[in-house]
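Single-structure report; data block below.
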Amino acid sequence: MRLQLSPEDQKFREEMREFFTTQIPERIRSKVIARQELSKEEMVESQQILNAAGLAVPGWPLEWGGKDWSQLQRHIWHEEMQLAGVPQPLAFNASMVGPVIANFASQELKERFLAKTANLDIWWAQGFSEPDAGSDLASLRTTAVREGDEYVVNGQKTWTTLGQYGDWIFMLVRTDPAAPKKQQGISFLLIDMTTPGVTVRPIELIDGGFEVNEVFFDNVRVPVGNLVGEENAGWTYAKFLLGNERVGIAQVGASQRHLATAKEIAKERGVLDRFASRIVSLESELLALETTALRVAAHSDGGKPHPASSVLKIKGSVLIQAVSELLMDIEGPAATTSWNSRVFLNNRKVSIFGGSNEVQRTIIAGTILGL
Amino acid sequence: MEFTIDTEQQSLVQAVRGLVGKTYDSSEARRAVTKAEPGFAAWDQLAEMGVLSLPFEATAAEVSLAAEELGRVIAPDPFVESIVLAGGLINSVGTDEQKSELVDAIAEGQTLPVLAWLEPNRGWSAQAVSVTYSDGKLNGVKSTVVQADRADLLVVSAAVDGGTGLFLVTDGYATETERTHDGSRAATVTFSDTPAVALGDGGDALAALEHALNLARIAYAHEALGAMAVALDITVGYLKTRKQFGVTLNKFQALTFRAADMYVELELARSAITWATIVAADEGSTPEDVAAAASHAALQVARAGRHIALDAIQLHGGIGMTAEYSVGHYASRILAIGQMIGDETFHLDRLAARIDDHTVLDPIG
Ligand SMILES: Cc1cc2nc3c(=O)[nH]c(=O)nc-3n(C[C@H](O)[C@H](O)[C@H](O)COP(=O)(O)OP(=O)(O)OC[C@H]3O[C@@H](n4cnc5c(N)ncnc54)[C@H](O)[C@@H]3O)c2cc1C
């Protein structure tokens, strides 16, 4: 058992820190640190700086811009990025559709999409959930019927995050309604959002923000070449994608930074004493969480996510919520009009999406504990 | 960053597991031992195997690995109390002469020392107030002193001019012993003009005492961790076999979710507690680092320990309440460890006092 990073990993960490704090514009990072919303342009700008330095998609296969890093180095990269207030590469591109295309799509699709996906020249949206297919994703009903060289897509997706910026959407669609198991008739399809028949309608959330959308498909014609992998094998790719989505969702670095901010604010307002034990209590839990993330990273070399990544999802989301609750409480009555309480409300989402915490408990109980 | 243990450590784990697994191969076996005097049975073999010399010869990592194994069978042997804590203090504070006279004897199991540090109604304060030392004599009351009756040697903290000194006592004191709920023994010890010899120079040893307590807290936390892991295992096994309403209990999601939450707490506790050991084993760590790490580990025992211990009983239903079944013994031991190493408020206060030392708490410094 050893506490220190190896000299190489320590050097790697310093390089990352140096890069993130000097190469990504201060105006973008300070907005992230103040927990303000970024514009699309700011997110693109930041990702393109990362990508130019080879730091946007380290998890991808080498030939498509990935890095030969250990899991620990990926963890360090991720944490340092968050600590420095660098917006993370758009998850839909970097950790969801990119790896699916790189692992399962045709050579043609790889060449067409991967470089642009890494560079955020294409903004991807995730079209999985539907009004009647949430936690039970496999009950989705949006259909894609093959007619010659095209699929004709009809149906409705919902909760599509930042779909208003989306250039393309990766979709789970039903291609075989007669399949014996509902998981078997699903395909993974890429759709240009400017295709006629695609309509995006924003949904306002409880914090007053517009980050999710409904997306309607009315006889949308999609070339069959946009199918990823094999027809009716989409569920396999979706599971692969969801596994990647969970890793890194704990956001420990960001929570640590917000907690440091909370400490600062409490001090400025002269209420540190009242909040001290809540702060150190959260610090202690974040310490345990980060150490768990390190343990998971140290044991998942070889590509497979550690089964305990559900622990990270559950506890990470709970701590994100607890830290934002603390920031709100420190403000007292002023919180009713401030950004902090909106963030607090907005953060209810982190225990719902990416596999709700109840779904993660099911995974732990079934897969890890064998119950 | 290395969380795996090396082959030598692996064999230590295997050896200790084999040994205590034989002595305490069931909860009936453990119960039989704790009912008789002195209440523990693996001591001589632990000495033979070299486990009792670990705090003097190895790092905190080996000490913790051994403690965790003892925790897995909830061995009642006072490894942490006598060896890590009392022995550790003798080794760190004693004069050369005291060390050469005592340390080997302790490691070989011939002398069993315990530390008398807690005082009535003073929480977990390490500062001695009610027991005082002057002119070679101790006066006052210590409580709770684990295994005071069985001990050959008491290390007593006492108020001296300018602080808290440490003293060795072999007789001339009165004990009133009670059984603890987890099967151990603990006493109230009264000193009246009890002859005592200074450990080391007899001056203020508060810092050394605090440090020894912190190292013991970390080892204790590992003992609790071993017990928590097994408590969860037992519970999972039960949910898979116990039938009600025509199905096994694991068909009820409300119950599997509670088991999943226990697992989440266990893994996070394992992280924080292992981290604390790594800090303690690192030569670059200051006593303040170790104190903070010990508090983080103790917080996990306070929180995760209670959560796991109490839910383990609840998920067993009535059988969990019985002394015939093992899970309640685990819960009892976990709770007792929590009471010895300090509760949530105590450790939160300790950490809050250092809140300004850092902006972000970073496990890899
Ligand atoms: C802000 C936000 C952004 C999102 N972004 C996207 C996106 O970009 N793309 C996309 O495709 N989707 C997105 N989602 C959708 C998200 O993945 C779903 O909301 C999620 O899968 C839960 O589904 P649901 O909302 O239908 O809830 P339901 O599945 O109806 O669940 C309701 C409640 O029941 C619980 N529950 C359900 N089934 C079980 C069970 N078997 N056992 C125990 N408890 C259960 C759930 O945990 C939850 O508490 C987003 C959601 C939100 C809130």
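Just so we're on the same page: letters track the sequence lines, and every chain starts at 1. The figures that follow rest on heavy atoms only: side chains count, while hydrogens, waters and symmetry mates do not.
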[X] [atom1]: over 12 foreign heavy atoms closer than 6.0 Å:
X      : atom1 : value
A:Q10  : CD    : yes
B:R306 : CZ    : no
B:R354 : CZ    : yes
A:Q36  : CD    : yes

Using the rule given for side chain to side chain contact (heavy atoms under 4.5 Å, CB included), can you reason through B:W275 versus A:L294, listing the C-alpha separation, both sets of side-chain angles and the distance that settles it, and then say yes or no?
CA-CA 11 Å; B:W275 174 80; A:L294 287 164; over 6 Å; no
Heavy-atom cut-off 4.5 Å, strictly under: side chain, backbone, both or neither for [X] against chain B?
X      : result
A:E358 : both
A:L286 : neither
A:T261 : neither

Specify which of A:A276, A:A260, A:A365, A:S284 makes the most heavy-atom pairs with chain B at under 4.5 Å.
A:S284
Among A:I314, A:N357, A:D273, A:T292, which residue has the highest count of heavy-atom pairs closer than 4.5 Å to chain B?
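Highest number of pairs under 4.5 Å: A:T292.
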Side chain, backbone, both or neither of B:E344 within contact of chain A (heavy atoms, under 4.5 Å)
neither
Does any heavy atom of chain A fall under 4.5 Å from the side chain of B:L351, the backbone, both, or neither of them?
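For B:L351, heavy atoms of backbone and side chain both lie under 4.5 Å from chain A.
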If you compare all heavy atoms of B:D356 against all heavy atoms of A:K267, which two are closest, and at what distance to 0.1 Å?
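Of all heavy-atom pairs spanning B:D356 and A:K267, the closest is OD1-NZ, 2.9 Å.
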Determine the minimum heavy-atom distance between A:L369 and B:A260, stating which atoms define it.
CD1-N, 4.0 Å
Is there a side-chain contact between [X] and [Y], using heavy atoms and a 4.5 Å cut-off?
X      : Y      : answer
B:T274 : A:T291 : no
B:K240 : A:L371 : yes
B:V264 : A:I364 : yes
B:E267 : A:K315 : no
A:L272 : B:I355 : yes
B:Q253 : A:R361 : no
A:E285 : B:L268 : no
A:R13  : B:I364 : yes

Flag for A:S281-B:R303: side-chain donor and acceptor within less than 3.5 Å
yes
Answer with yes or no whether the side chains of B:H358 and A:E283 bring together a donor and an acceptor at under 3.5 Å.
yes
Could you tell me which of B:D261, B:L232, B:D349, B:L239 has the largest number of non-hydrogen atom pairs under 4.5 Å with chain A?
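The option with the most such pairs is B:D261.
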Got a donor-acceptor contact below 3.5 angstrom from the A:Q256 side chain to the B:L361 backbone?
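Yes, A:Q256 side chain to B:L361 backbone: donor-acceptor pair under 3.5 Å.
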